[in-house]
There are 2 protein chains.
Amino acid sequence: MNKRELTKKVAERSGHTQATSALIINTFISCILESLEAGEKVTIQDFGTLAVKQQKTRERFNLITKKVEKYSSYDYIKFITSKSLKNKQKARSLEAKK
Amino acid sequence: MNKRELTKKVAERSGHTQATSALIINTFISCILESLEAGEKVTIQDFGTLAVKQQKTRERFNLITKKVEKYSSYDYIKFITSKSLKNKQKARSLEAKK
């Protein structure tokens with residue numbers, strides 16, 4: 001499912017137009033991205049947290065050049081599923097197997 | 001930043017009321033969760049993909065009971081940052097260090 005399909009579904013269910021839904025969803029995503037850019041984490045209750053984490057400097061042996069190469073540290077975005085959602089998902093999958 | 005603060009910001013920026021923004025954001029999140037529950041992955045362009053992955057059955061040696069314990073497999077939710085966003089974030093952090 002992609003954003004367009006989601007927007008359509010959200011519009012149908014909320015009773016608003018697709019244009020309104022698309023505008024709000026896009027603004028929502030850009031607000032999240034802005035917070036992350038500013039280094040702020042974003043928490044959505046019962047869903048999860050998006051945060052910027054740092055990959056530390058690493059050294060790796062390159063098998064082709066036979067040299068140790070240094071990789072500088074960089075930031076990446078990490079999503080941590082909320083505990084409630086994680087447990088729900090886990091319980092559901094364990095239940096399904098019974 | 002949490003959902004309430006985000007909703008407020010989205011409402012201000014989009015020109016819609018907070019009630020409308022909240023309704024659409026909540027519907028958006030529940031639609032995502034429903035798709036995930038149905039085992040469908042959700043892709044949001046230039047942002048990332050949410051998918052249900054399976055943690056396989058594992059065996060672990062319990063140091064206290066001195067026994068090998070079996071952990072049954074279960075499902076979890078994984079967020080994969082889109083390539084464009086990942087590269088953007090990486091480039092920004094490397095740029096900032098210069």
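So that the names make sense, note that chain A is the first sequence line, chain B the second, and so on, each numbered from 1.
In terms of heavy-atom pairs under 4.5 angstrom with chain A, the leader among B/C31, B/A11, B/G48 is B/C31. Between chain B and the options A/I80, A/I44, A/I77, heavy-atom pairs under 4.5 Å are most frequent for A/I77.
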Atom pairs, donor to acceptor, chain A/chain B, distance under 3.5 Å:
{"residue": "A/M1", "atom": "N", "partner": "B/K41", "partner atom": "O", "Å": "2.9"}
{"residue": "A/M1", "atom": "O", "partner": "B/T43", "partner atom": "N", "Å": "2.8"}
{"residue": "A/K3", "atom": "N", "partner": "B/T43", "partner atom": "O", "Å": "3.3"}
{"residue": "A/R13", "atom": "NH1", "partner": "B/E34", "partner atom": "OE2", "Å": "2.7"}
{"residue": "A/R13", "atom": "NH2", "partner": "B/E34", "partner atom": "OE1", "Å": "3.2"}
{"residue": "A/E34", "atom": "OE1", "partner": "B/R13", "partner atom": "NH2", "Å": "3.2"}
{"residue": "A/E34", "atom": "OE2", "partner": "B/R13", "partner atom": "NH1", "Å": "2.7"}
{"residue": "A/E37", "atom": "OE2", "partner": "B/R92", "partner atom": "NH2", "Å": "3.3"}
{"residue": "A/K41", "atom": "O", "partner": "B/M1", "partner atom": "N", "Å": "2.9"}
{"residue": "A/T43", "atom": "N", "partner": "B/M1", "partner atom": "O", "Å": "2.8"}
{"residue": "A/T43", "atom": "O", "partner": "B/K3", "partner atom": "N", "Å": "3.4"}
{"residue": "A/S73", "atom": "O", "partner": "B/K97", "partner atom": "NZ", "Å": "2.4"}
{"residue": "A/S73", "atom": "OG", "partner": "B/K97", "partner atom": "NZ", "Å": "2.9"}
{"residue": "A/D75", "atom": "N", "partner": "B/S93", "partner atom": "OG", "Å": "3.0"}
{"residue": "A/I77", "atom": "O", "partner": "B/T81", "partner atom": "OG1", "Å": "3.4"}
{"residue": "A/T81", "atom": "OG1", "partner": "B/I77", "partner atom": "O", "Å": "3.4"}
{"residue": "A/R92", "atom": "NH2", "partner": "B/E37", "partner atom": "OE2", "Å": "3.3"}
{"residue": "A/S93", "atom": "OG", "partner": "B/D75", "partner atom": "N", "Å": "3.0"}
{"residue": "A/K97", "atom": "NZ", "partner": "B/S73", "partner atom": "O", "Å": "2.4"}
{"residue": "A/K97", "atom": "NZ", "partner": "B/S73", "partner atom": "OG", "Å": "2.8"}

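Using a 4.5 Å heavy-atom cutoff, the side chains of B/L6 and B/I25 are not in contact.
No continuous path of ILVMFWY side-chain contacts below 4.5 Å connects B/I24 to A/L23, so the two sit in separate hydrophobic clusters.
Screening residues 40-69 of chain B for ring-ring contact (aromatic ring centres under 6.0 Å, His included) gives B/F47-B/F79 as the qualifying pairs, with residues at least two apart or on separate chains.
B/L94 touches chain A through its side chain: at least one heavy atom from C-beta onward sits under 4.5 Å away, while N, CA, C and O do not.
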Check your understanding: Run the side-chain contact (heavy atoms from CB on, under 4.5 Å) check on A/L33 and B/L85 step by step: do they pass?
Key -> CA-CA 9 Å; A/L33 290 178; B/L85 181 58; 3.7 Å; yes
